[in-house]
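What follows is a set of notes on a single structure, which appears directly below.
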Amino acid sequence: MSELSKAYDPQKTEDEIYSTWKDSGFFNPDNLKGEPYSIMMPPPNVTGVLHLGHALENSIMDTMARYQRLQGKKVLLVPGTDHAAVATQAKVEKLLVEKGHKNPREEFGREGLLEKIREYAEESKSTILSQVQKMGTSCDWDRLAYTFDEERSEMVNNVFEKMYKDGLIYRGHKVVNWSVKGQSTCSDDELEHKERTGKLYTFKYSKDFPITIATTRPETKLGDTAVAVNPKDARYKKFIGETFTVDIGAKKPLEIKIIANDEVDPEFGTGAVGVTPAHSPVDFEMFEIQKAKNDPIELIQVIGEDGKMTAEAGKNYEGLTVLEAREKFVEFLKENTLLEKEEEITQSVETSDRFGDVVEALPKTQWFIDVNKKIPGHNKSLKELMIEAVTTGLGGDKNQKITINPERFEKVYFSWINELRDWCISRQIWWGHRIPIWYCECGEIIVSRDEPKKCEKCDSKKIKQDPDTLDTWFSSGLWTFSTLTEEERKVFHPTNWMQMGRDIIFFWMARMILMTTYYMEEIPFKDVYIHGMLRDEHGNKFSKSAGNTLDPIDVTEEYGTDALRLSLVTGIAPGNDIKIYKEKIESSRNFVNKLWNISRYILGKSKDSNKEINKKNLTLADTWIIQKMNVLIEEVTSDLDKFRFSQASEKLGDFTKNDFADWYLEVSKFENNEEEKTAILQTILRDLLKLWHPFIPFVTETIWKELDEKELLLIQKWPKKDSYAPSKDAASFEPIIEIIQTVRNLKTENKIEPAKKVKLFVNTKSCSIKNFEEIIKTQENIIKGLRTGVEEISYGSSQENSISKTTSHGITVSIPLEGLIDTQKERAEKEKEVENLKKYIKSVEGKLSNKQFVSKAPKEVVEREKESLQKAKARLKEIEKYLKSLK
RNA sequence: GGAUGAUUAGCUCAGUUGGCUAGAGCAUCUCGUUUACACCGAGAGGGUCGCAGGUUCGAGUCCUGCAUCAUCCACCA
């Protein structure tokens with residue numbers, strides 16, 4: 001079809017193709033038949049626009065979805081977005097501050113600010129969803145979900161209520177992570193450890209205090225109420241149980257009790273730890289232990305929510321920032337000669353990954369999910385369910401077992417669960433699901449989604465809702481089932497497959513497992529595929545500040561979506577970081593164009609469509625390509641079944657470019673079984689388009705349309721290898737390829753112009769295939785045709801004064817010399833080859849003389865070694881002969 | 001401190017259960033303007049597979065140790 005342009009132009013076709021797919025209804029599984037197969041899209045945050053990471057996710061999951069659809073399954077891919085509580089509010093507040101609003105929370109109030117955030121979220125939602133379309137993702141738009149929409153919010157309340165009634169959600173007064181800047185709690189996973197240099201101060205509370213302690217946070221010492229020592233430590237044993245009163249300037253003198261704790265390492269530092277229960281999670285644990293032992297210690301909060309010292313810290317410190325107080329307290333220690341040492345150390349501090357400030361540990365009343373408590377009626381804790389889901393399967397049911405790919409991430413997951421503490425789910429920000437808990441003035445606590453009319457206990461109408469909202473991962477954890485109706489869950493849940501970045505294994509994967517195993521008593525997904533993070537060419541993270549960002553939309557506009565998608569799934573190993581850069585995308589774009597031109601050629605040759613291959617009149621090359629195609633289908637299918645996307649696309653690329661385009665297509669120009677050729681070319685092209693479709697959907701669908709097909713490629717049937725069953729005694733075409741390559745090779749090596757006409761001598765005496773000379777004779781026009789410059793072929797032993805090479809099939813190819821050779825260079829090269837050959841022969845002979853090798857190695861291996869030894873020897877003889885002739 | 005990954009050609013990376021003289025893309029060099037394709041074709045050069053041991057008939061692949069880099073986790077005051 002000559003009207004097709006020489007180069008594929010993605011811009012012209014992509015949008016139109018996407019609408020065709022969408023309008024066809026086949027993105028919706030209700031219009032498909034077959035076994036159900038479901039994937040949930042990890043919902044992008046509504047914090048802005050899509051970045052390359054999303055492009056990667058869309059490529060991977062859509063490749064899978066399209067593959068399964070072609071496999072004849074009823075595929076559901078649910079699209080959605082995430083309200084991303086803290087992230088979105090932080091982003092909008094930042095934008096407002098940049099616009100000159102100093103304190104947006106005060107200025108706009110709860111409802112006002114929520115309205116601002118809602119506007120922003122809606123806008124970025126629609127941007128993101130249009131970008132998802134641009135990536136070609138074949139998701140069911142009729143089932144579009146949003147973590148903050150009505151259905152999802154209702155599910156959040158249902159789950160909260162059930163957990164609350166089961167006693168798994170509780171309100172507790174504990175030391176939590178507090179971001180002063182964000183004025184909210186953070187969960188342990190939302191912290192980032194940053195290395196910093198700090199000072200370690202070694203001091204005593206007072207001159208007569210018997211134990212020296214060390215700290216990097218002197219100001220918190222104003223709230224110390226104990227010193228912990230190891231009970232086995234002889235130095236301090238005698239003091240355990242004693243209480244000392246010291247006055248270091250806090251509101252009142254501190255009562256410091258000496259307590260025993262096995263965790264304290266006598267070898268480290270002074271062997272004693274100053275305990276500040278209010279401002280350290282570890283010290284708080286000691287506080288709880290002491291309480292349980294009936295030997296309580298005090299808890300004094302000296303730092304407030306505003307990050308400033310409280311009244312408890314004493315007159316001198318009240319109102320000072322943490323840093324000011326630190327300086328002042330160190331000054332005090334120095335003045336009273338209590339400071340023994342001051343040294344520089346590197347320490348890791350916890351910062352909030354959303355607000356960026358250093359997080360303070362503060363005692364606060366918050367809502368928690370208890371991960372260790374037995375679930376009523378189950379005799380198992382959430383933690384145990386989370387482990388079971390990945391090991392034996394829920395309740396030992398293998399159909400309820402999650403497989404993590406690659407396997408090594410299981411270890412990461414288990415070690416995280418091991419250290420998992422109760423999950424703090426309440427946040428003091430406004431953007432998010434409000435906690436469905438109401439407090440009556442009488443003290444009654446009511447769990448209810450809507451405002452209760454009156455208190456059931458006291459009939460009072462003075463009821464207030466908890467002001468806090470839920471951690472965003474609470475709703476994300478429900479994603480695999482909150483996106484489905486009850487009916488749909490019977491068909492599509494557990495979902496079949498899930499993919500996500502390694503960075504959210506804890507945040508998301510773990511929470512989904514927790515929530516789903518608890519609420520649904522099912523696993524959320526059967527297989528999860530963990531991919532690495534994107535990097536630039538030099539392995540750097542993409543970031544705005546580094547200025548190395550690549551906008552996926554720009555890329556698709558310049559190179560096409562297919563090129564981007566192909567680049568993102570090729571040449572990568574599961575779980576490892578993925579480097580992406582212009583050259584890689586360019587080469588994908590070039591490949592897409594290649595496929596376009598292959599199709600253009602085939603379409604130009606014949607418009608006849610869908611002819612069956614008549615196996616009676618096939619040439620050597622025909623059977624060869626049919627065999628190759630057979631193997632290709634088998635391998636690509638198996639790779640995709642095992643999520644080896646990279647291997648699959650590489651094999652496809654290899655076949656398409658090398659075997660099909662470079663050899664078969666070229667050869668086909670010199671053979672005249674017109675009818676069979678057309679059938680083969682068309683059949684292979686059609687199936688190749690199907691195999692390629694999951695990776696590069698747009699170009700394949702565009703070509704498919706040109707084939708005058710009525711149905712979309714989207715819903716075709718995956719090729720079967722049976723249709724390419726090779727005839728049993730098909731002789732291989734490989735040796736012919738080798739002969740042609742050898743001729744070209746000889747010419748280049750000997751500086752003979754490729755177009756130069758030459759005579760060719762072929763000797764098949766040591767060829768492993770019987771009577772191969774007869775076969776070569778039938779292929780002469782191909783050998784002559786494929787730009788070898790060969791004008792005449794003779795058989796038998798080569799002449800004196802010719803250059804020759806033996807192919808791996810033992811065919812010796814010679815070209816008589818024409819006096820065109822640069823002999824000196826030639827000799828040097830040949831001598832090098834002789835050297836290498838001798839080395840090789842020696843090593844193989846060594847191998848073969850090894851009795852253990854000969855007896856233990858598989859027969860084929862030994863045979864192969866013998867064969868290649870023969871060949872090497874033959875080659876050596878030839879070169880030596882030739883070197884002589886040069887002299 | 002613990003864990004995981006990486007270390008293979010100038011660059012970016014593949015390499016399945018150990019087995020044919022270790023592969024691809026980009027870059028380099030040579031040749032080529034042949035009606036599918038210059039977003040092209042035909043070739044070439046380039047690697048003691050991080051280092052040191054071990055297991056094995058045989059190791060890029062398995063084991064041990066070391067080095068360098070990266071990432072994650074951790075309460076060492």
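Naming convention: chains lettered A, B, ... in sequence-line order (proteins, then strands); numbering from 1 in each chain.
Of the P atoms belonging to B:rC57 and B:rG15, the separation is 28 Å, rounded to the nearest Å. Separation of the P atoms belonging to B:rC29 and B:rU68 is 38 Å when rounded to the nearest angstrom. B:rG45 and B:rU4 are spaced 38 Å apart, taking the C1' atom of each and rounding to whole Å. Rounded to whole Å, the separation between the P atoms of B:rC11 and B:rG47 comes to 13 Å. Separation of the C1' atoms belonging to B:rC20 and B:rC66 is 34 Å when rounded to the nearest angstrom. Of the P atoms belonging to B:rU55 and B:rU64, the separation is 15 Å, rounded to the nearest Å. For the C1' atoms, the distance linking B:rG19 with B:rC62 amounts to 14 Å, nearest Å.
Remark: A:K204 engages no residue in a side-chain hydrogen bond (donor to acceptor under 3.5 Å, both in side chains) (not counting sequence neighbours).
Taking the nucleotide of RNA chain B with the nearest heavy atom to each of A:I572 and A:K411, the more 5' of the two is matched to A:K411.
For the residue pair A:S646 / A:E650, a side-chain donor-acceptor distance below 3.5 Å is found, with atom types taken as modelled. Using a 3.5 Å distance cut-off with no hydrogens or angles, the side chains of A:E190 and A:S187 do pair a donor with an acceptor. Between the side chains of A:T570 and A:S649, at least one donor-acceptor pair of N or O atoms lies under 3.5 Å.
Using a 4.0 Å cut-off between charged side-chain N and carboxylate O, A:E738 and A:K805 make no salt bridge.
Side-chain nitrogen and oxygen atoms of A:Q647 include at least one within less than 4.0 Å of the OP1 or OP2 phosphate oxygen of B:rG15.
Ring pair A:F329/A:Y201: centre-to-centre distance not below 6.0 Å.
At whole-Å resolution of the value, CG in A:L746 and P in B:rC31 are 19 Å apart.
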Nucleotide-resolved protein contact map, nucleotides 34-39 of chain B, B/S/- at heavy-atom distance under 4.0 Å = B-BB-B
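For A:K784 and A:F670, the positive end is not near the middle of the six-membered ring at less than 6.0 Å and at most 45° from its axis.
Other residues, nucleotides and ligands contribute at most 12 non-hydrogen atoms within 6.0 Å of the NZ atom of A:K582.
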Considering only nitrogen or oxygen atoms on both sides, find all protein atoms under 3.5 Å from nucleotides 67-71 of chain B and state each distance.
none

Interface polar pairs with nucleotides 75-77 of chain B, N/O, under 3.5 angstrom:
unit_1	atom_1	unit_2	atom_2	d
B:rA77	O2'	A:A214	O	2.6
B:rA77	N6	A:D265	O	2.7
B:rA77	N6	A:F268	O	3.0

Look for any protein N or O under 3.5 Å of an N or O in nucleotides 22-25 of chain B and output each such pair with its distance, or none.
unit_1	atom_1	unit_2	atom_2	d
B:rG25	O2'	A:S587	OG	3.3

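The closest side-chain heavy-atom distance from A:K677 to A:E671 is below 4.5 Å.
A donor-acceptor distance shorter than 3.5 angstrom exists from the side chain of A:W596 to the backbone of A:S5, with no hydrogens or angles considered.
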Would you write out the dot-bracket form of RNA chain B, 5' to 3', with Watson-Crick and G-U pairs under 3.5 Å, [ ] for crossing pairs, | for pairs to other strands and . for unpaired bases?
-> (((((((..((((.....[...)))).(((((.......))))).....(((((..]....))))))))))))....
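In this structure, the nucleotide among B:rA6, B:rG19, B:rC73 sitting nearest to the side chain of A:V861 is B:rG19.
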